[in-house]
Each structure stands twice: as structure tokens, then as C-alpha cells.
Amino acid sequence: MGWSIAALWLLWRPGTRREQDLALKVATLHPIFTYAPFFIAVTLPGAEAEDKPGQIPRVAGVPVNLFVAGVASGLSALGYLLARTDDRRGRPSAPSPDARSTAGIHPGEVRDQEALAAGT
């Protein structure tokens, strides 16, 4: 529960672009690493995801603990992909080589410079 609260705090707190990217990665990897042992246990010979097969309720033939672990990990990965896709759409495109630099110039000054360039 504490890790989940920390992940939410990381995602909602203000920070630089780099800090927000790191927070997104940490918050995404937390549930994946938390539930990884469930999937590792299934792949090892002689190991199971449950103590005695059939004790845990099943969803679509899968033990409920594995089902929840898969859903949580999948939703975490999906959330990361959606955040990255949304982030890419929100970023301004790179300026074209023909574009003039207007860094540090106010909008009124840009109009004045355009008027000077046009000869008016």
C-alpha cells in the first residue's frame, strides 16, 4: 500500500520534465516488479502459483492471484504507453531550418521585426 501511495505521489507532484519522466517509469515498474514472482513461479519446474492446485478460485481457468497480477501489470504498462503517446502528441514539433529564432522576443517585437523585414 505504501509503494502505491508513493507512486501516486511521484506522478502528481510537480517537477522538471526529466523528473516527471523518471517518476512515470518508477510508478510503472512498481507493480510489474511486485507481481513478477507470480509469473516466475509458474515457469519453474515443480513450482506453482498456489500452494495446492485448486485451492484458489479461478478466472478463465487461471488462479485469481495470477489473473490480478496480470491485469495490474498490463494496466500499468498500458498506462505508461498511453502517457508516452500523449506526451509525444503534446510536445511542440521541431522548428524547421527556415524558421527564425524568436527566443526572448515578445509577440509585439516579432510583429515589428516582420514589418521591418517586409520594408514597411
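Heads up: numbering here begins at 1 and tracks the sequence.
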Rounded to the nearest 0.5 angstrom, the CG-CH2 distance for L8 and W3 is 13.0 Å
For a quick test of your reading: what N or O donor-acceptor pairs under 3.5 Å do the side chains of residues 22-39 make, sequence neighbours left out?
from : atom 1 : to  : atom 2 : distance (Å)
T28  : OG1    : L24 : O      : 2.8
H30  : ND1    : T34 : OG1    : 3.4
T34  : OG1    : H30 : O      : 2.7

d(L10 CG, Q20 CD) to nearest 0.5 Å is 11.0 Å
**Request:** Decide if atom CZ of F67 counts as having more than 12 heavy atoms of other residues, nucleotides or ligands within a radius under 6.0 Å.
**Result:** no
By side chain to side chain contact (heavy atoms under 4.5 Å, CB included), V42 pairs with (sequence neighbours left out) A49, L66
S73 side chain to G70 main-chain N or O, any donor-acceptor pair under 3.5 Å? no
- prompt: If two hydrophobic side chains count as joined below 4.5 Å and joins carry through other members, does L75 share a cluster with L81?
  reply: no
Can you tell me if CZ on R18 sees more than 12 non-hydrogen neighbours from other groups inside 6.0 Å?
no
